[in-house]
Amino acid sequence: MLLAIESVFSVEEALEMRQQLAQSQWVDGKLSAGSQAATVKTNQHLDDRTELAQSIGSRILAVLNAHPQFISAALPNKIMPAKFNRYTEGGQYGAHVDSSIMSLPGGMGQMRTDLSATLFLSRADDYDGGELLVETQFGTQEVKLEAGDLVLYPSTSLHQVNPVLKGARICSVFWIQSLVRDNQQREILYELDQSVQTLTLERGQGDSEVSRLTGIYHNLMRCWATT
Ligand SMILES: O=C(O)CCC(=O)C(=O)O
Ligand SMILES: [Fe+2]
C-alpha cells in the first residue's frame, strides 16, 4: 500500500521548517547511502548530528506519534529519527531499494525497515521535476505532494526521485519497523481500523457490533504482531 497522508503539518509549519533547514550545512548525499544507492544518488543531506536536524526531527516524530492515521497505517514499533534531503537543479536519486537493516543512533541497536516515508517540506510548485516514483503491484505510482503532506510506502519497493529541473526540493525521510511485518496483514488491519473508527462515530463506543469488530481487530493484532 502506498498511502498519502495530507496535512500532517500545515503548509506554513512545513515552510517554517524548510526555511530553517535551508540555512544549514548540507553535505553530499552519497555519504549516507549504502554502496548501491551511492552510485545513483546526487542529492544533499543534512548532518543528522546538528542541533537543528535533531530538534526538527524530534518535532516531526512527536507529531507522527500522535497522528491516528499514521499510527493506524504504520503500526510503528521503531522509527528511525528523521533525516533531511535536498535536491537542487539536476539532483536526483536513481532507482534503489532502501537498506533492510539500519542502525539506530546513540547505540540504540538496529531496526528492520518495513516502511519508508517522505514528508514534503517544499511547496509542490517551488520546483520542477522531483517526483517520487514508487513501483507497486499496480504499476509505477508518481508522488509529488504539497508541503506538510507525507507519503508512506513499503520499504520493499523499488523507488527513485526524478531529477529536479528547477528550484529546490527539501524533504524529511525516515523508516519504520512495524509491529506487523507483512504488508498485506498490515493493510487488512488498517482497513479494519478505519471502518471501526467510522462505525464508532456513527454508533458510539457502546454499540455491540463496534465492540465485536474492535475485538476482532485486537485478536488479529495478537496473531500478527511481534514486539
Ligand atoms: O527524497 C525522497 O522522497 C526519497 C529519498 C529516498 O529514497 C531515500 O533517502 O532513500
Ligand atoms: Fe530510498
Side-chain angles (χ1 to χ4, degrees), residues 1-6 8-9 14 17-18 21-22 24 26-48 53 56-57 60-61 64 70 74 78-105 110-136 140-178 183:
M1 177 174 60
L2 180 147
L3 182 72
I5 304 180
E6 287 177 9
V8 172
F9 289 93
M17 290 188 267
R18 192 205 74 102
L21 291 165
S24 336
W26 293 84
V27 294
D28 188 344
K30 287 193 199 315
L31 297 174
S32 68
S35 53
Q36 187 268 330
T39 61
V40 294
K41 193 175 184 189
T42 58
N43 66 0
Q44 296 161 307
H45 79 125
L46 203 64
D47 183 343
D48 315 328
I56 296 187
I60 292 172
L61 291 196
L64 287 171
F70 172 78
K78 296 178 184 176
I79 303 184
M80 180 64 131
K83 294 183 179 296
F84 299 92
N85 284 343
R86 178 170 78 170
Y87 305 72
T88 45
E89 282 159 50
Q92 62 179 308
Y93 202 152
H96 66 282
V97 171
D98 295 332
S99 299
S100 49
I101 304 290
M102 294 188 183
S103 294
L104 289 158
Q110 293 182 309
M111 62 176 271
R112 183 188 64 238
T113 54
D114 295 321
L115 288 160
S116 303
T118 295
L119 172 69
F120 290 78
L121 296 175
S122 296
R123 297 217 70 153
D125 57 10
D126 266 2
Y127 56 96
D128 291 347
E131 300 83 5
L132 172 66
L133 304 183
V134 183
E135 280 191 19
T136 73
T140 304
Q141 309 269 313
E142 187 177 301
V143 186
K144 183 167 180 175
L145 301 177
E146 191 45 271
D149 297 349
L150 175 107
V151 62
L152 201 57
Y153 56 97
S155 299
T156 46
S157 324
L158 192 65
H159 58 283
Q160 67 187 80
V161 178
N162 277 343
V164 167
L165 304 171
K166 212 170 103 203
R169 174 191 190 271
I170 292 182
C171 64
S172 171
V173 291
F174 52 91
W175 292 268
I176 298 131
Q177 178 175 320
S178 179
N183 289 322

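When a ligand or atom number is given, it counts from 1 through the structure's own listing order.
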Asker: State whether a side-chain donor-acceptor pair under 3.5 Å links Asn43 with Tyr87.
Answerer: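 Present: a donor and an acceptor within the cut-off.
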Asker: Among Arg169, Glu131, Gln92, Lys144, find the one that has a side chain to side chain donor-acceptor pair (under 3.5 Å) with Asn162.
Answerer: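 So the option named by the test is Glu131.
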Asker: Starting at OG of Ser157, measure out to NE2 of His96 and round the result to the nearest 0.5 Å.
Answerer: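 The NE2 atom of His96 is 10.5 Å from OG of Ser157, to the nearest 0.5 Å.
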Asker: Return the set of protein N, O or S atoms whose distance to the Fe ion (ligand 2) is under 2.8 Å, each given as residue and atom.
Answerer: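 Less than 2.8 Å away from the Fe ion (ligand 2) sit His96 NE2, Asp98 OD1, His159 NE2.
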Asker: Side chains of Ile60 and Leu64, heavy atoms from C-beta outward: is any pair under 4.5 Å?
Answerer: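 They are in side-chain contact.
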Asker: Just checking, is any N or O donor in the side chain of Ser116 or Asp98 under 3.5 Å from an acceptor N or O on the other one?
Answerer: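 Checked: Ser116/Asp98 side chains pair up, N/O donor to acceptor below 3.5 Å.
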Asker: Stepwise, does the ring pair (Phe, Tyr, Trp, His ring centres under 6.0 Å) test hold for His159 with Tyr153?
Answerer: CA-CA 10 Å; His159 58 283; Tyr153 56 97; 5.1 Å; yes
Asker: What's the verdict on salt bridge (Lys or Arg N to Asp or Glu O under 4.0 Å) for Lys166 and Glu89, showing C-alpha distance, side-chain angles and the deciding distance?
Answerer: CA-CA 5 Å; Lys166 212 170 103 203; Glu89 282 159 50; over 6 Å; no
Asker: Report every pair formed by an N or O atom of ligand 1 and a protein N or O atom separated by less than 3.5 Å, giving atom names and the distance to 0.1 Å.
Answerer:
| unit_1 | atom_1 | unit_2 | atom_2 | d |
| --- | --- | --- | --- | --- |
| ligand 1 | 1 (O) | Tyr87 | OH | 2.6 |
| ligand 1 | 1 (O) | Arg169 | NH1 | 2.8 |
| ligand 1 | 3 (O) | Thr118 | OG1 | 2.8 |
| ligand 1 | 3 (O) | Arg169 | NH1 | 3.4 |
| ligand 1 | 3 (O) | Arg169 | NH2 | 2.9 |
| ligand 1 | 7 (O) | His96 | NE2 | 3.1 |
| ligand 1 | 7 (O) | His159 | NE2 | 3.0 |
| ligand 1 | 9 (O) | Asn85 | ND2 | 3.3 |
| ligand 1 | 10 (O) | His96 | NE2 | 3.2 |
| ligand 1 | 10 (O) | Asp98 | OD1 | 3.0 |

Asker: Please name the pair of heavy atoms, one in Ser178 and one in Ala74, separated by the smallest distance, quoted to 0.1 Å.
Answerer: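 What the structure gives for the nearest pair is OG-O, 2.8 Å.
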Asker: Hey, what do you get for CD1 (Ile56) to OG (Ser24), rounding to the nearest 0.5 Å?
Answerer: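 Taking CD1 in Ile56 and OG in Ser24, the distance rounds to 7.0 Å.
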